[in-house]
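These notes concern the structure reproduced below.
The basis for the numbers below is simple: all heavy atoms, side chains too, and nothing from hydrogens, waters or symmetry mates. For clarity, every value in this text was computed on a predicted model and none was experimentally measured. Residue numbers begin at 1 in each chain, while the letters A, B, ... track the order of the sequences.
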Protein chains: 2
Amino acid sequence: MPASRKRVTLRDVATRAGVSVAQASFALNGQGRVAPATVERVRRAASDLDYQVDGRARALRTGQRSAYGVVIRNMRNPFFLDVLRGMEVRAHREGAFLLILSSDYDVDREAAALRRLAAEGVGGVAISPIGRHGPLAAWLPRHPDVPVVAFNRTPEPAPPEGDRLSTVGPDDGAAVDLALEHLRARGHRAPTLVMAPEGLAADWGREEAFVRRCAEWGLAGTVVRCPLDHDSVARMVVERVGASAGGGTAGHEAFVVNSDYLGSAVYAAARSLGSRVGRDLSVVGHDDLATSELLDPGLTTVGVDRELLGDHAMRLLVSPDEAPEGRRVRLPVHLVERNSVALLHD
Amino acid sequence: MPASRKRVTLRDVATRAGVSVAQASFALNGQGRVAPATVERVRRAASDLDYQVDGRARALRTGQRSAYGVVIRNMRNPFFLDVLRGMEVRAHREGAFLLILSSDYDVDREAAALRRLAAEGVGGVAISPIGRHGPLAAWLPRHPDVPVVAFNRTPEPAPPEGDRLSTVGPDDGAAVDLALEHLRARGHRAPTLVMAPEGLAADWGREEAFVRRCAEWGLAGTVVRCPLDHDSVARMVVERVGASAGGGTAGHEAFVVNSDYLGSAVYAAARSLGSRVGRDLSVVGHDDLATSELLDPGLTTVGVDRELLGDHAMRLLVSPDEAPEGRRVRLPVHLVERNSVALLHD
DNA sequence: GCTTCGTGATGAAACGATTCACCACAGGGG
DNA sequence: CCCCTGTGGTGAATCGTTTCATCACGAAGC
């Protein structure tokens, strides 16, 4: 055969099968009334010519969307890779595509991403939004028929009633519960919850669960607010440990942090103090990143099935109505016990 | 305004501006002959109505591809997330989209992914292929006008002459050079290169560079072949260290492995031997994963800019012709020095 | 015999953009 | 007066599907 082969079109299939384009289309899609013999002929012609329907043309005509948009806030976080994988597997199963964009915490880029996705006519958007009042909030009412699901490391607070935004995220309340229970079982009586400074909504539900449980179990819990970057957390830990040691109570500090990344900050602090995690001070992380196993000692952490998270998000987009769990999915969490929590005898 | 707002189409813009659809199109795209005043009117109308061109319709008509396919072999490897990010940034800059699929080392899924991407009419495909003779090989000649670039953790051997497949990957020869040079500088005389068993082509170029350098520098290098999973490598290390210790030479073993993942296997082996990496035995990794810094001691490794890798791959797709570096890109590598290589005095 | 079905098949109108082939018209040159 | 040219503009074809409205035709009901 010579050189350039043009795209095989439905017309080619039709002529080869000796029918009209319409019948060919019907035959392949199982629609309309078409004689079984014809179906067979068309099928054969299609496979002979290695015919593939043109996704763009179909999408244009039917308005049916076979592509879904994914907007990731931080494409450097390995957390999202697993989520992406979960989405991809589900999308593949549904015969859909993923259009992946990243916003990089940039408001303009998030806005641009949403605009482009709308222009492309996606069937839905999964997004880890920059903020509750960012571009997404403005975009939502202008595109009333595009399902949108927000997925997050830590879930956003429940949206106001009537909001069309679905959400998927780990059950943060349960995560704190799990961490506290573990600490209590190992003899800890004065846990410390590390939270972002007031006003950052992302940690909603954690504090509530924390104070409730502490009250219930008679623990002397404290909540400390601190910017959630590595250095700030490390400094905070050093200060608190210093204070409690100097205070003469010889209290053992036990921290509950909302990511494994910050967990490793506690390790750094311990190193600089000359003390050892899992013996002189304790910490429970959140996320169960791959790195957490490699730390020495291994970081005890609350994990969530990230692929499942992606799967749920996709499902909410593909069939927004039949979601049995409702449109606010909080995923179960589990404790991954390693050696970062000391066993206290009292 | 009532409830459902239909999609704003070019016709709407045209009527509002009081011109024909054709002129509206020309005006917005800067094509054809259109009076400056008209351009202005059309522009205003478009922005008034918040018009966005329909990507599908445009793609259908022009055949112009604004989407590029990415097929990832292993969507669990964090290596690829950074690559993806590099691709995404470049694609965004070019106004293009990424369609991301994963093959999961499954030949059928790779084939399906390629088929679907072709059906969607993508402008190019970046793929980390399962193998040199997998579905990709069959797919390539059937789609002569789709640019394809293979990107990899470790590059494939140069394709046969005339092959349309571009490749991007770290410069593996240089990586081995760097590792060896570092070992030599620290007094090591008998390095060991860990390679996959014969027949797995992925490591091509490493061995060659290794033996050449060893000869040049008078090192007593050995190449050991071993399945590249965590346990096999750990076992192999234990054996070799045992042998060299038992042999009475008291030789210090220094390993060069082709990933950080395998580097951590050496750590595991050291633990089980009761010896310490960076003192009793040495290892140089490859990839500079985030985890490598967290190991104790830190893993000395050869890194490559993964985002740059993605960027190059995308560039080869977007403008296949004007690539100044040619179509076989080997990216520069650099040594990340930590503490996994002992300093030997001799 | 004439109407009414049901079956299988078809032509053509969408979908929303781009673009080719014209056209109107004013001005200038012969 | 006629021809040509350059400018601004328009209608319609086209991309590859899906799908609506129609039709041919033989069987069946009256």
Side-chain angles (χ1 to χ4, degrees), chain A residues 4-43 45-46 49-67 95 116 118-123 145, chain B residues 4-43 45-46 49-67 95 116 118-123 145:
Chain A
S4 101
R5 204 166 351 168
K6 286 325 284 175
R7 176 179 254 284
V8 177
T9 165
L10 187 56
R11 189 198 314 285
D12 303 333
V13 175
T15 42
R16 176 175 244 258
V19 292
S20 71
V21 192
Q23 277 302 81
S25 173
F26 285 141
L28 291 179
N29 297 330
Q31 313 278 339
R33 290 182 309 233
V34 35
T38 312
V39 171
E40 186 47 38
R41 246 179 327 149
V42 172
R43 284 242 176 83
L49 283 108
D50 192 26
Y51 168 74
Q52 289 286 132
V53 9
D54 185 318
R56 302 163 305 194
R58 165 179 285 175
L60 176 59
R61 175 61 232 247
T62 61
Q64 164 212 315
R65 340 295 186 123
S66 73
R116 294 179 58 204
E120 206 62 18
V122 294
D145 17 75
Chain B
S4 99
R5 204 167 350 170
K6 286 323 285 174
R7 177 177 253 284
V8 178
T9 166
L10 187 56
R11 189 198 313 286
D12 302 333
V13 175
T15 42
R16 177 176 242 258
V19 291
S20 72
V21 193
Q23 277 303 80
S25 173
F26 285 140
L28 290 178
N29 297 329
Q31 313 277 339
R33 290 181 309 235
V34 35
T38 312
V39 172
E40 186 47 38
R41 246 178 327 147
V42 173
R43 284 242 176 83
L49 289 141
D50 193 25
Y51 167 75
Q52 290 285 131
V53 324
D54 185 317
R56 300 162 308 193
R58 165 180 285 175
L60 176 59
R61 175 62 232 248
T62 62
Q64 165 214 315
R65 340 295 185 124
S66 74
R116 294 178 59 203
E120 207 63 17
V122 293
D145 17 74

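An OP1 or OP2 oxygen of dG9(D) is reached within less than 4.0 angstrom by a side-chain nitrogen or oxygen of Gln23(B). Distances shown here put every side-chain N or O of Thr38(A) at or beyond 4.0 Å from the OP1 or OP2 atom of dG8(C). Contact annotation: Thr9(B) side-chain N/O to dA17(C) OP1/OP2 distance is under 4.0 Å.
In the set dT18(C), dG16(D), dT10(D), the nucleotide with an atom closest to the side chain of Arg7(A) is dG16(D). Comparing atom distances between the Tyr51(A) side chain and each of dT10(D), dT10(C), dT17(D) picks out dT17(D) as nearest.
When all heavy atoms of Thr15(B) and Asp12(B) are compared, the pair lying nearest together is OG1-O, 2.9 Å. Contact between Ser66(A) and Glu120(B) at its shortest, heavy atoms only, is OG-OE2, 4.3 Å. The heavy-atom pair separating Ala14(A) from Ala24(A) by the smallest distance is CB-CB, 3.9 Å. Between Gln52(B) and Ala119(A), the shortest heavy-atom contact is NE2-CB, 3.7 Å.
Rounding to whole angstrom units, CG of residue Asn29(A) and P of dG16(D) are separated by 17 Å. One can place CZ of Phe26(A) at 14 Å from C1' of dT7(C), the figure rounded to the nearest angstrom. Distance Arg11(B) CZ to dA17(C) P: 9 Å, rounded to the nearest Å. The distance between atom CG of Leu10(B) and atom C1' of dT19(C), rounded to the nearest whole Å, is 13 Å. Here dA17(C) presents its P atom at 12 Å from CG of Leu49(B), a figure rounded to the nearest Å. As rounded to whole Å, 13 Å separates atom C1' of dC15(D) from atom CG of Asp12(A). Between the CZ atom of Arg33(A) and the C1' atom of dC20(D) there is a distance of 12 Å, given to the nearest Å. Atom C1' of nucleotide dG8(D) and atom CZ of Arg41(B) are separated by 11 Å, given to the nearest angstrom.
Within residues 56-63 of chain A, the residues approaching DNA chain C are Leu60(A), Arg61(A), by heavy-atom distance under 4.0 Å.
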Under 3.5 Å, which protein N or O atoms sit close to an N or O of nucleotides 25-27 of chain C? Give each pair with its distance.
none

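Only one option out of Asn29(A), Val39(A), Val19(A) pairs with Val34(A) in a side chain to side chain contact (heavy atoms under 4.5 Å, CB included); it is Val39(A).
Using a 4.0 Å heavy-atom cutoff across all strands shown, Ser25(A) reaches at least one base atom of the nucleic acid. As judged by a 4.0 angstrom heavy-atom cut-off over every strand, Ala22(A) is placed among the base-contacting residues.
When atom types are taken as modelled, the side chain of Ser25(A) and the backbone of Val21(A) share no donor-acceptor pair closer than 3.5 angstrom. No donor-acceptor pair under 3.5 Å is formed between the side chain of Arg56(A) and the backbone N or O of Leu60(B).
Each end of the helix from dG1(C)-dC30(D) to dG30(C)-dC1(D) yields a helix axis from five base pairs, and these two axes differ in direction by 80° (to the nearest 10 degrees).
Using a 4.5 Å cut-off on side-chain heavy atoms (C-beta onward), Leu10(A) and Leu28(A) make contact.
Here CZ of Arg33(A) is found 13.0 Å from OG1 of Thr38(A). Values are rounded to the nearest 0.5 Å.
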Task: Steps toward side chain to side chain contact (heavy atoms under 4.5 Å, CB included) verdict (Arg16(A), Val8(A)) - done: CA-CA 11 Å; Arg16(A) 176 175 244 258; Val8(A) 177; over 6 Å; no

